[in-house]
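To keep things clear, I will list the structure first and then write my remarks on it.
All values reported here derive from a predicted model rather than from experimental measurement.
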Amino acid sequence: MLTDVDLEITFAAPRDPENRSWGPKIQAYLANPQSITPDDILIAAAPTHASDWFEVRISMERLAKLFPSLLSHQGRVRLTVLERHKTTGELRLLQQNSLDTLPKAFRASLPSEIGLPAKPADSLRILSLNTLWASQYANPEPFGRMCKALNPDVYLIQEWDRERVEEQHVVEWFQTYVDPSRDWYVAVSGNAEYWSGTLVVTHHPIQARGPRVSPLSAGGWGFPIRFAAALIETPIGTLLAGSVHLKASGALETLEDERRFAEAEAVHHMMSAMKSMSKPELVVLGGDFNLNGDSDILRKATLHLDADSSALTPAEAQVLGDTSLLYTFGRSGLRSRLDFITYPDSIAEPVNAFVLDTAIWDDASLAQAGLQKADSEATDHLPVVIDLKFKAR
């Protein structure tokens, strides 16, 4: 144990009998030393992949309720960041400084009311959402409310179902819980042996679909890639949209990361082939990238897909009502960012880019949008939305 420490947070802690669950291990050293959960202090961290910067946030309000003595330092806390070598176990000091607790000016700047941005004219609204393996069947109403409120043109969906997914079943769900007056079009991935739950859904006509099954052996796993793609005729032009769900877990230089990199390469090849054949006006790739290691995986998946042959650009989607940290995942435990929508920044721009977390909305804003407080907690991923518009031409 480190000396003179009140609260110790260990990221990427080993999964031993004392730490069975994923996420950080948190130990408080006070009058009665005890382990606490990430939910106890609403911890959030970003990014989750290898980076030269990291941002961590905890709730000082919750800390004050749990341990009043922690806030006895006249509004300031001392933060020490250490790195432990994964082989030798040696500790190295990365950063040590004194920080303000949540300033009063920041508290005053938090909005008392939140609203959904209106979709601008001549734009496409694109939503990415991981539905947590058929949760939309067991508890459809929250998903229906979010879909109606957000009203996207294109849905990029992951984990729709572990079982066989037929396009008509998806159409029936959208007709029942979202809008029965619209024609719905679906592209799914999977076959009789393997279903990935990855979909593209839209109320605009689909002209072509990507491969239903894309076998891949990498990192010790042999299951097909969780990827679906569709060429969509939209009011602003032809869109090639891809929905992806890369391998979960692991960290830098793990087998999971090796698998993610191979999946990203395969997705890039399929998207490039469809782009070359169909000549779409716009290309978008989004979904659950599970970036827990190599930060180059996102770029690898989107390389040359922009109109100028560069990689697609990830939209900087901020949580509506909470712009101090980017997160898309974690209804419990560590909140982090795993979900992205990438777009061609040489010809288009996201007029709006946001994440919906209804848990932090006030009642009046929820009622106005037709939402309820627990809607976004129906799954463990939050909806990510962009309104994409061509740049002036």
message: Please find the pair of heavy atoms, one from Ala228 and one from Val188, that lie closest to each other, and give the distance.
response: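 Taking every non-hydrogen atom into account, CB-C, 4.3 Å.
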task: Give a yes or no on whether the backbone of Trp361 and the side-chain of Lys373 come within a donor-acceptor separation of less than 3.5 Å.
output: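 Between the backbone of Trp361 and the side chain of Lys373 there is a qualifying donor-acceptor contact (under 3.5 Å).
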message: Using a 3.5 Å distance criterion without hydrogens, assess whether the side chain of Asp322 forms a donor-acceptor pair with backbone atoms of Val319.
response: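 It does not hold such a pair.
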Is [X] salt-bridged to [Y], going by a charged N under 4.0 Å from an acidic O?
X: Arg337; Y: Glu55; answer: no
X: Asp153; Y: Arg125; answer: no
X: Glu263; Y: Arg259; answer: yes
X: Arg92; Y: Glu90; answer: no
X: Glu193; Y: Arg164; answer: no
X: Arg335; Y: Asp39; answer: yes

message: Whether the Thr358 and Gln372 side chains hold a donor-acceptor pair (N or O, under 3.5 Å, no angle test) is what I'd like checked.
response: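 On atom types as modelled, these side chains do not qualify, holding no pair under 3.5 Å.
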- request: State, without any angle test, whether Tyr327 and Asp357 hold a side-chain donor-acceptor pair at a distance under 3.5 Å.
  value: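 Judged by distance alone, the side chains do pair up.
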query: Which pairs, with at least one residue in residues 235-258 and sequence neighbours excluded, count as a ring-ring contact (aromatic ring centres under 6.0 Å, His included)?
result: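 As it turns out, there is no ring-ring contact (aromatic ring centres under 6.0 Å, His included) pair with a partner in residues 235-258 once direct neighbours are skipped.
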query: Which is it for Val355 and Leu320 under the side-chain contact (heavy atoms from CB on, under 4.5 Å) test, yes or no, and what are the steps along the way?
result: CA-CA 6 Å; Val355 177; Leu320 289 175; over 6 Å; no
task: Check salt bridge (charged side-chain N to carboxylate O under 4.0 Å, His left out) between Arg62 and all other residues, then give those that pass, not counting sequence neighbours.
output: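 With sequence neighbours excluded, Arg62 shows a salt bridge (charged side-chain N to carboxylate O under 4.0 Å, His left out) to no residue whatsoever.
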